[in-house]
Amino acid sequence: MDLTKKSGVRKAILIFAGIALFFLPLGIVNPYFMYIINLILIYALLALGLDLIVGYTGQVSVGHGAFFGVGAYVAAILAKNFGLSFWLTLPLSIVVTSVIGFMIGFIGLKLIEEYLVMATLAFGTIIWLVFLNWTDLTGGPMGIAGIPAPPTVKIGSVEFPFLQYHDYYPLLLIFVYLGILITRLIIKSGFGRACTAIRDDELAAQAMGIPVFKTKVTMFTISSAFCGAAGGLYAHFLHVVSPETFAFGMSVTILTMVMIGGQGSIAGAVIGASILTISSEALRETPELRMLIYGFMIVVMIMFFPKGMMGVFQMMKKRFLQRKEQLEKPTVEKEGLSYE
Amino acid sequence: MNSKAAILTVDQLSKSFGGVKAVNNLSFSVTQNNIHAIIGPNGAGKSTLFNLITGVISPDQGKIRLLNNDITSLRPDKIAQHGVSRTFQNIRLFPDMTVFETAFIGTYLFTGGKLLPAILRTKEFRKKERQAKERIEEILQFVGLWEMRNEYAAKLSYGNQRRVEIARALATNPSLLLLDEPTAGMNQKETKELMQLFTQVNKQGITILIIAHDMHLVNTLSDQITVINFGEKLVEGPPEVIHNHPAVMEAYMGRAEVNA
């Protein structure tokens, strides 16, 4: 059928683009640009994770910046104090963040809507205060510096050391691809459908046999696991973690990425991460303005484009197709619309 | 009919909200494969009864049994697992889903919500997904929505929205289907078509418990009618008996003047 052929072509283009993206660093000389691109990848992973619970399950969290921090600190502490390699610290950051995410989700998700937002805000702040004040473990306000780079990867006789920003890019890209793949696999399953049903109508979802609380907690845990992975990558990429990175502002930033990109959309999460990372780098000189602008962007998005940039794209696509259809077929027969 | 077993037994059920006894010591049973109607004036406790049966609220007293299982105070999703499905008085669809997607949600109990098989895309997982899709195609053909499967459910006409709800409920593969005022606000044509659909559903071996206001609908459709008022059972019986029962007339029309 025409449809399957079309989706096959689309898949081939996506795979080709996905592979082509690995060669992006070849065209970029400036290490600062590479640094920003790497940051985008880390934020994309965060936005994908938050989108799972906000976009697909409809439970708003403003505590995910803290989960990002837990991942980063766990990796930093294990690498610095115990000398573990990146390949061990990363899975452990994911595990620890998931456990904390599960505990917070288990308590917080008994609450709904604005109360859940308040609870995640409170938990996020508590975790941030721990980073700030448990000086023996976290280094307090100074944070932890000198986190080692991942060990050199050897494939056959070819070595891939992690020396400069360019070297991290393929590693981060692989993790973003993994994140996208897992998101897709989850969304296109009974579990993922259950989440969207809960987002749309909890009572109806439950009447269909969906265990609402369990599903929400599971998704919250997966979502925090994404942030844990992003945190572990961040610590080894920047070699330094400090508490102010993971304050409330970070949670808001990730949420803004999801909202601007478009909730419940993989491409939206990536677009949102790109827009916000670039704009926040551009606003480096005036950090006070940043939150003001984010707030303004969120308000504008919610008022005019509730489905984010992806919603805008879809609207444009729909209009384009409609116009095309009108031009091709001035009179549409009613029978012609049937699917049979 | 007497040889058939009761699928649902409600035993001395009571529920109060503050001082109001919404359901008061109510007992009745629904015979398998019947269409059983619950009627009563506004505020008689019909919807409360439905919410009690489906686990949305818990009773103060009494038992609800489904076949031989006690389902009293179970969570709604557990009750759905026992084979009870429902539609809502105010149609509850998923606003961002197409007709197909909405009905597909009903297959949750069949496909399950396990994560690992979903991430690994096991053979079993893919088989179940395929079977679930086939089942939805079958159901949408049955309720007459297959042509509209890719439209947003919330944009359909009122009557068709109700069909989507019924399709979604059927997808859970229920043995008992609860319909809460399914034809409220429908025009005559829609009501008639929906009644035909209910009969067809019933013919598939699904017991139907229906709340209704429309006496015509109740009389033509149901095998058994339970009339409730102020949370208590007034009378019970087949339509012929209920139709001219004085207690029913009184509940609906008020007490007759007994001036000689």
Side-chain angles (χ1 to χ4, degrees), chain A residues 3 52 55-58 98 178-219 221-223 225 262-265 306-307 310-311 314 318 334-340, chain B residues 50-51 54-56 75-88 90-97 101-121 125-126 128-129 132 146-151 153-154 165 168-169 171-174 178 180:
Chain A
L3 249 167
L52 284 174
Y56 290 104
T57 323
S98 306
L178 259 177
I180 290 173
L181 183 70
I182 291 173
T183 303
R184 251 193 96 78
L185 291 174
I186 290 175
I187 293 315
K188 308 246 173 222
S189 78
F191 176 80
R193 290 193 296 270
C195 290
T196 42
I198 290 171
R199 175 194 69 195
D200 282 2
D201 192 322
E202 223 173 288
L203 197 60
Q206 205 175 21
M208 294 304 113
I210 294 165
V212 171
F213 180 65
K214 186 180 148 197
T215 307
K216 279 186 193 169
V217 174
T218 310
M219 196 54 139
T221 310
I222 299 170
S223 162
Q263 298 178 45
S265 154
K307 289 188 174 164
M310 284 316 285
Q314 265 157 14
K318 208 169 151 191
K334 235 184 181 171
E335 281 77 18
L337 286 172
S338 116
Y339 293 96
E340 296 297 306
Chain B
F50 256 38
N51 286 335
T54 50
V56 177
R75 274 207 323 260
D77 51 296
K78 296 275 173 202
I79 288 173
Q81 276 180 27
H82 278 94
V84 180
S85 202
R86 71 175 294 184
T87 66
F88 294 87
N90 313 307
I91 296 175
R92 299 187 82 108
L93 295 170
F94 305 118
D96 280 344
M97 293 189 201
E101 285 165 341
T102 308
F104 208 27
I105 297 298
T107 62
Y108 179 83
L109 289 172
F110 174 74
T111 58
K114 289 233 160 54
L115 268 173
L116 209 58
I119 289 171
L120 300 174
R121 284 294 192 266
F125 174 87
R126 282 175 293 158
K128 281 201 159 175
E129 288 282 302
W146 180 244
E147 313 285 306
M148 305 171 199
R149 64 190 179 278
N150 291 326
E151 286 178 39
E165 255 200 326
R168 183 179 67 185
T172 67
N173 205 9
L178 307 186
D180 193 349

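Residue numbers begin at 1 in each chain, while the letters A, B, ... track the order of the sequences. None of these values were measured; they are calculated from a predicted model.
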Most contacts with chain B, counted as non-hydrogen pairs under 4.5 angstrom, among [options]:
| options | value |
| --- | --- |
| A/Pro211, A/Ala194, A/Ala207 | A/Pro211 |
| A/Ile186, A/Thr218, A/Ile210, A/Thr196 | A/Ile210 |
| A/Lys188, A/Arg199, A/Lys214, A/Arg184 | A/Lys188 |

Q: For A/Ser223 and A/Met219, indicate whether the former's side chain and the latter's backbone hold a donor-acceptor pair under 3.5 Å.
A: no
Below 4.5 Å, heavy-atom pairs only: which of [options] has the largest tally toward chain A?
| options | result |
| --- | --- |
| B/Thr102, B/Asp96, B/Thr54 | B/Asp96 |
| B/Phe104, B/Phe94, B/Phe110 | B/Phe94 |
| B/Thr107, B/Val56, B/Ile79, B/Ile105 | B/Ile105 |
| B/Glu165, B/Met97, B/Lys128, B/Lys114 | B/Met97 |
| B/His82, B/Arg75, B/Arg121, B/Arg168 | B/Arg121 |

Using non-hydrogen atoms only, which part of [X] is less than 4.5 Å away from chain A: side chain, backbone, both, or neither?
| X | value |
| --- | --- |
| B/Thr172 | side chain |
| B/Leu115 | side chain |
| B/Leu93 | backbone |

(Q) For the CD1 atom of A/Ile182 and the CD1 atom of A/Ile187, what is their distance to the nearest 0.5 Å? (A)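 Answer rounded to 0.5 Å: 12.0 Å.
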Q.
To the closest 0.5 Å, what do you measure between CD (B/Gln81) and CE (A/Met208)?
A.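 Answer rounded to 0.5 Å: 13.0 Å.
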**Q.** A/Ile222 side chain near A/Phe191 side chain, heavy-atom distance below 4.5 Å
**A.** yes
Q.
For B/Pro174 versus B/Ser85, what's the shortest heavy-atom pair and its separation?
A. CB-CB, 3.7 Å
Q: Specify the closest pair of heavy atoms between B/Asp77 and A/Gly209, including all atoms of both residues, with the distance to one decimal.
A: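 So the minimum-distance heavy-atom pair works out to CB-C, 3.5 Å.
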**Q.** side chain to side chain contact (heavy atoms under 4.5 Å, CB included) against A/Leu181, all qualifying residues, sequence neighbours excluded
**A.** A/Leu185
Q.
Can you list everything that forms a side chain to side chain contact (heavy atoms under 4.5 Å, CB included) with B/Ala80? Sequence neighbours excluded, please.
A.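 Counting only residues at least two positions away or on another chain, B/Ala80 forms a side chain to side chain contact (heavy atoms under 4.5 Å, CB included) with B/Leu109.
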